[in-house]
2 protein chains.
Amino acid sequence: MGAAKETLGEEQPWAEVSPDAARRLLIAAVEAFAERGYHATTTRDIAGRAGMSPAALYIHYKTKEELLHRISRLGHDKALDILRSAADGEGTPAERLSAAVRSFVRWHAGHHTTARVVQYELDALSDEHRTEIVALRRQSDAAVREIINDGVRAGEFDVPDVPGTTLAVLSLCIDVARWFNVEGRRTPDEVGATYADLVLRMVGAVPPGGAAPQR
Amino acid sequence: MGAAKETLGEEQPWAEVSPDAARRLLIAAVEAFAERGYHATTTRDIAGRAGMSPAALYIHYKTKEELLHRISRLGHDKALDILRSAADGEGTPAERLSAAVRSFVRWHAGHHTTARVVQYELDALSDEHRTEIVALRRQSDAAVREIINDGVRAGEFDVPDVPGTTLAVLSLCIDVARWFNVEGRRTPDEVGATYADLVLRMVGAVPPGGAAPQR
DNA sequence: CGCTTGCCTAAGCGCTTGCTCACCCTCAGG
DNA sequence: CCTGAGGGTGAGCAAGCGCTTAGGCAAGCG
């Protein structure tokens, strides 16, 4: 149910970044940051991956930190968007929570390089940029908490500690970006389904029909 | 002069590191790595925090990476120890799983600076050291999986995907190190209790008595 | 054609990094 | 007293860092 009418996985995930050279640099930076971390990545490495000279980077971005901020901002926007559209969707709280977790996890697994940068490199941002991003994260938290509160009010969920459970649910989903490996046995879809099931158990909503994804 | 080795009344977490100067350097490194990350930390910063000159570091450690390795090794040993003693303890699978999660989470919250370094700076290790650490992590995974398998065999747990659930449980616990804040509202004990409850729900074992920790 | 504009590079500046080296201080054993 | 070893320091090296600068080249336009 719920007919996940999903805007198809963007074939060009960074279509909003232009011109072309700026996008190539940003994609190269995502890869490099995800592999080695922000501080261990050099501007020469980023430029090299994009097939450019080190100086080319500074035509499109003022600093290396601005690159990280752009990535972080776009990624958080996307993540929040995913959560919001599930939270504001139709259906019972259980259905909405399940959909939110499934799509949120699918994104973290499918775009785990981006997600890794977005979720684990916050410390490298400037104070100003970090507070901007933290505000977005609080909105993500609010979106999930709202679904859980709805479920509790409707008597569908049994949750003694709503803020704590909200935190745990988001934490569980976010950490997917850390361990997910493309060469592993699980597809993003499978992980999403498994996690949606686990989260429904956490809030005391029995998964429908016991139809748990088996393998 | 005054007693150089003063008992602080709290546990001495790095008692196994000697001599004294080496321990002070290690503690300084844990703080710095946890705050800024390995790559953003300079050897001068570590030495400075320990009240020494930059060169002093190299009397006790061959490289900066060796410091990280020592921290990571000791931390993983401790974490594995905690999980093992819960897994090998007595009681029903639900009791053992609950105890394992509670103590594991309590450690990650209470020693969140150390845990942050231990859990999130693996990439900075040399290939050799990283494979050594990864082997320890696989043992942690095995310890948790064993409890869950016991519960399934005993008919106490309802777990469709044991490896997936094991991964999720560990992931949930580990991520505590990322978000836990000393100035937050929760104590390590409270988080441990909340999480133990959540994990029992995840494996389909009804939490005992419904005595869930309230805010 | 000359001139501007946008994108890019080669070279390199100033600084910081991990790490080393020559030397010093303290103290136990003879 | 001397000696030698272990723990410490100030100064600094080579390499690598983020970033800048001067200039090149192609395209659009009078």
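A quick note: this is a predicted structure, and the numbers were derived from the prediction, not measured. Residue numbers begin at 1 in each chain, while the letters A, B, ... track the order of the sequences.
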Distances for protein N or O near nucleotides 10-15 of chain D N or O, under 3.5 Å:
none

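- Of the candidates dT20(C), dG18(D), dT9(D), dG18(D) carries the atom nearest the K64(A) side chain, counting heavy atoms from C-beta on.
- A search for salt bridge (Lys or Arg N to Asp or Glu O under 4.0 Å) contacts involving R137(A) returns nothing, not counting sequence neighbours.
- Taking the nucleotide of DNA chain C with the nearest heavy atom to each of T63(B) and I59(A), the more 5' of the two is matched to I59(A).
- Summarising the geometry, the separation between CG on L57(B) and P on dT20(C) is reported as 11 Å, rounded to the nearest angstrom.
- Y58(A) and T63(A) get closest at one heavy-atom pair: CE2-CA, 4.2 Å.
- The salt bridge (Lys or Arg N to Asp or Glu O under 4.0 Å) check on D141(B) picks up R145(B), with sequence neighbours excluded.
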Walk me through it: do D81(A) and R84(A) pass the test salt bridge (charged side-chain N to carboxylate O under 4.0 Å, His left out)? CA-CA 5 Å; D81(A) 200 53; R84(A) 278 252 178 85; over 6 Å; no
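- One can place CD of E65(B) at 15 Å from C1' of dC19(C), the figure rounded to the nearest angstrom.
- When each of dC19(C), dC7(C), dC17(D) is scored by its nearest atom to the side-chain atoms of P19(A), the top-ranked nucleotide is dC7(C).
- Between the side chains of Q119(B) and R178(B), no donor-acceptor pair is found at a separation under 3.5 Å.
- Using a 4.0 Å cutoff on non-hydrogen atoms, no part of residues 123-131 of chain A comes near DNA chain D.
- Note on ring orientation: taking the six-membered ring where Trp is involved, the planes of H69(A) and H129(A) are parallel (angle under 30°, cut-offs 30° and 60°).
- In terms of modelled atom types and a separation under 3.5 Å, the side chain of E121(B) and the main chain of L68(B) share no donor-acceptor contact.
- At whole-Å resolution of the value, CG in L25(B) and P in dG7(D) are 12 Å apart.
- Heavy atoms only, all atoms of each residue included: R70(B) and L26(B) are closest at CB-CD1, 4.1 Å.
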All N/O pairs under 3.5 Å across the protein-nucleotides 26-28 of chain C interface:
none

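- Relative to the side chain of T43(B), the nucleotides dC19(C), dG18(D), dG8(D) differ in distance, and dC19(C) lies closest.
- Not counting sequence neighbours, the partners of P163(B) by the side-chain contact (heavy atoms from CB on, under 4.5 Å) test are R186(A), D161(B).
- Nucleotide dG30(D) forms a pair with dC1(C), judged by Watson-Crick or G-U wobble geometry with both contacts under 3.5 Å.
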